[in-house]
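First the structure, in the form of structure tokens, and then the observations on it.
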Amino acid sequence: QLQLMESGGDLVEPGGSLRLSCAASGVNLNRLRFGWFRQAPGKEREGVSCISRSGGYTNYADSAEGRFTISRDDAKNTVYLQMNSLKPEDTGVYFCAAQYSLPSSTCALKGLAFSSWSWGQGTQVTVSS
């Protein structure tokens, strides 16, 4: 059974950087596409970035474009989210999620059926001075 565990969340000042990690276990990662989602207090969960099964396709929310980079290392069973130039509005709980996909599939950040994804427990990111 697939299990996901996020780490790397922290308190950081505006303009700072963090790298989130998502360690996966239980299945072969090369059949999965991954996404990072965040939920701020009082707001709905939103997609931040996703990466295809092959790693050849990535997608970013407008708010993350140019500042965040998603990557995957299947040999280490880990997916990363490098976050630079952090802003207070990036504050929230960041969740890693995974879904089985076809080899040629891409990934989307909106209109998702969250129940069809497997989720980690989340890691808190707080951007504040």
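The residues of the chain are indexed from 1 along the displayed sequence.
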Please give me the minimum heavy-atom distance between Leu2 and Ser118, naming the atom from each residue.
CD2-CB, 3.6 Å
Would you name the heavy atoms of Ser129 and Pro14 that are closest together and state the gap between them?
N-CD, 3.7 Å
Ignoring hydrogens, what is the shortest heavy-atom contact between Val93 and Gly122? Give both atom names and the distance.
CG1-CA, 3.8 Å
Taking the six-membered ring for Trp, are the ring centroids of Phe68 and Trp36 within less than 6.0 Å of each other?
no
For the hydrophobic clusters of this structure (ILVMFWY residues joined by side-chain heavy atoms under 4.5 Å, transitively), does one cluster hold both Leu109 and Leu4?
no
Closest non-hydrogen atom pair between Ala61 and Gly47, with its separation:
CB-O, 3.5 Å
Would you say Arg33's side chain and Ala98's backbone share a donor-acceptor pair under 3.5 angstrom?
no
For residues Thr91 and Ser128, determine if any side-chain heavy atom of one lies less than 4.5 Å from a side-chain heavy atom of the other.
no
Counting distance only, does the side-chain N/O of Thr78 pair as donor-acceptor with the main-chain N or O of Lys76 below 3.5 Å?
yes
Under a 3.5 Å distance rule, please check whether Ser85 uses its side chain to pair with a backbone N or O of Arg67 as donor and acceptor.
no
Any sub-3.5 Å donor-acceptor pair from Glu6's side-chain atoms to Gln121's backbone N or O?
yes
Would Arg38 pass as a cation-pi partner of Phe95, given that its NZ or CZ must be under 6.0 Å from the six-membered ring centre and within 45 degrees of the axis?
no
Could you tell me whether Gln3 atom CD has more than 12 heavy atoms of other residues or ligands within 6.0 Å of it?
no
Has the side chain of Arg53 got a donor or acceptor atom that lies under 3.5 Å from a matching backbone atom of Ser101?
yes
Within the side chain of Thr123, is there an N or O that forms a donor-acceptor pair under 3.5 Å with the backbone of Gly9?
yes
Would Phe37 and Val125 show up in the same hydrophobic cluster when neighbours are defined by side-chain heavy atoms closer than 4.5 Å?
no
Taking Ser52 for its side chain and Tyr57 for its backbone only, find out whether a donor-acceptor pair lies under 3.5 Å.
yes
Between Arg72 and Asp74, does a salt bridge (Lys or Arg N to Asp or Glu O under 4.0 Å) hold up when you go through it step by step?
CA-CA 6 Å; Arg72 61 188 293 161; Asp74 288 2; 2.9 Å; yes
State yes or no: do Leu32 and Tyr80 share one hydrophobic cluster built from I, L, V, M, F, W and Y residues joined by side-chain heavy-atom distances below 4.5 Å, directly or via other members?
no
In terms of hydrophobic clustering (I, L, V, M, F, W, Y; side-chain heavy atoms under 4.5 Å; direct or indirect links), are Leu20 and Trp117 co-clustered?
no
Donor-acceptor contact below 3.5 Å, side chain Asn28 vs main chain Asn30:
yes
Can you confirm whether more than 12 heavy atoms, excluding those of Glu44, are under 6.0 Å from its CD atom?
no
Grouping I, L, V, M, F, W and Y whenever their side-chain heavy atoms are under 4.5 Å apart, do Tyr100 and Phe34 come out in a common cluster?
yes
